Amino acid sequence: MAKFTDFVRSNATEPHRIRTRQILKSHPEIKKLIGQKNPTTFWVILGCVTMMTGMAYLVRDQSWWIVVAAAWFIGAFPAHTLFVCIHEAAHNLIFRKPAANAWAAIFANLPTVFPTALSFKNFHIKHHAFQGVHELDADLPDWYEAKLINNYSIGKAIWLLFFPIFQGIRTLRMHELAVFDKWVIANTVVQITFDVLIVTLFGWKALIFMVLCLFFSVGFHPLGARWIQEHFLTLDPQQETYSYYGRLNVPNLNVGFHNEHHDFPSIPWNKLPEIKQSAPEYYDTLKYHTSFVRLFFRFLFDQEISLYSRIVRKERGRVTVADQSKPDLELIQAQSKTTSAEPVA
């Protein structure tokens, strides 16, 4: 592929809603997976929060090299898992009641120090609805990011290292989206209380350990290759979403099945592999990744990959800003209403 010097512009709407409709028509058996919940995810949250809090206690008096090493080699993994759990809660895939999902996200947020869980939900749902629309998709790099980092290896390394900061700055351009509500306030109050308790009981080194776990889990670490895997044009200049089928889907909770998730955002993580198994003709024809480690180093050193390696679009389709990105659920609900409205012969 040639080096990108600007974002790749598309006049088409995002591709996933079209494929959702096609797959449901070809494989109606997938309908049974849509709308399911996976409360087991909460036990994953509880285990990861307990593990990270315990590690913070254990490293509180250790040398700094031990703190950093523990964060990179161990802590990054449960921190990443918790981020995926927050993602599941954002789609209301843990419990049936939205409020219960919000509290699960707030609890999962605790070891990652900054109160981002509910803000993430507000922006992430719009990423699904408006993939590639610059003013509504916070997953898309800012123009200044792409120009600043370009395709330089050192720049891409710095970008990964400070990815949470870049991600936070992007939200400032989302003028149309509400970013402050009662759940964001609750998230902030609970998180500050937890952080104060960690510093009071364990000390500052324990809190800094948790910060390092956060930055490594989504940044300068093979796990950080997830952001490159999902939507960067690494394998095909026309395919804007990629799945990952590799071993790190264990701590990833199958979030590597990213085409499947975008096509069916109302299906929980434990059922995503079933989508691919049911409709292989739709997914086996798409290009995909199998190694985060390989992709991590390729991103850093391949001069043909830059922050410009993304598709952008102006076309929003018929989607409104209030859309909650449940095209799969909306389709089967609409079909159900049509069927029930048909006159009996």
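Given the structure is predicted, the values throughout are model-derived calculations rather than measurements.
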Salt bridge or not for Glu145 and Arg310, using N-O below 4.0 Å?
no
Would you mind reporting whether Met174 and Asn122 have side-chain heavy atoms less than 4.5 Å apart?
no
Is the closest side-chain heavy-atom distance between Pro78 and Ser217 below 4.5 Å?
no
Would a 4.5 Å heavy-atom cut-off, applied to side chains only, mark Cys213 and Met52 as touching?
yes
Can a salt bridge be assigned to the pair Arg17 and Asp323 using a cut-off of 4.0 Å between side-chain N and carboxylate O?
yes
Just so I know, are the side chains of Asn11 and Arg9 near enough to count as touching, which here means a heavy-atom distance under 4.5 Å?
no
Sequence neighbours excluded, the answer for side-chain contact (heavy atoms from CB on, under 4.5 Å) partners of Pro273 is Asn254, Phe257, Gln277
Under the ring pair (Phe, Tyr, Trp, His ring centres under 6.0 Å) test, which residues partner Phe77, sequence neighbours left out?
His221
Those residues that, when tested against Gln239, pass side-chain hydrogen bond (donor to acceptor under 3.5 Å, both in side chains) (two or more places apart):
none
Test of understanding: with side-chain contact (heavy atoms from CB on, under 4.5 Å), list the residues that count as partners of Ile192, not counting sequence neighbours.
Thr188, Val196
Min side-chain heavy-atom separation Lys156-Phe301 under 4.5 Å
no
Show the numbers, then the answer: is there a side chain to side chain donor-acceptor pair (under 3.5 Å) between Glu230 and His261?
CA-CA 11 Å; Glu230 292 180 347; His261 169 62; over 6 Å; no
Geometric cation-pi criterion, Lys276 with Tyr245: 6.0 Å, 45°
yes
Who passes salt bridge (Lys or Arg N to Asp or Glu O under 4.0 Å) against Asp142, sequence neighbours left out?
Arg173
Which residues pass the side-chain hydrogen bond (donor to acceptor under 3.5 Å, both in side chains) test with His127, not counting sequence neighbours?
Asp137, His231, His262
Excluding sequence neighbours, so at least two apart, what forms ring pair (Phe, Tyr, Trp, His ring centres under 6.0 Å) with Tyr282?
none
With sequence neighbours left out, write down each residue that passes salt bridge (Lys or Arg N to Asp or Glu O under 4.0 Å) with Asp195, or none if nothing qualifies.
none
Residues 65-76 side chain polar contacts: donor-acceptor under 3.5 Å, at least two apart:
from: Trp72; atom 1: NE1; to: Phe220; atom 2: O; distance (Å): 2.9

Sorted by chain and number, sequence neighbours left out, ring pair (Phe, Tyr, Trp, His ring centres under 6.0 Å) with Phe215 holds for none
Quick test of your reading: applying side-chain hydrogen bond (donor to acceptor under 3.5 Å, both in side chains), list the pairs with at least one residue in residues 110-119, sequence neighbours left out, ordered by first then second residue.
Asn109-Thr112
Quick check: do Trp159 and Leu148 have side-chain heavy atoms less than 4.5 Å from each other?
no
For Tyr144, look at atom OH and say whether over 12 heavy atoms of other residues, nucleotides or ligands are found less than 6.0 Å away.
yes
Holding to side-chain hydrogen bond (donor to acceptor under 3.5 Å, both in side chains), I want the full list of residues that pass it with Gln303, two or more places apart in sequence or in another chain.
Asn151
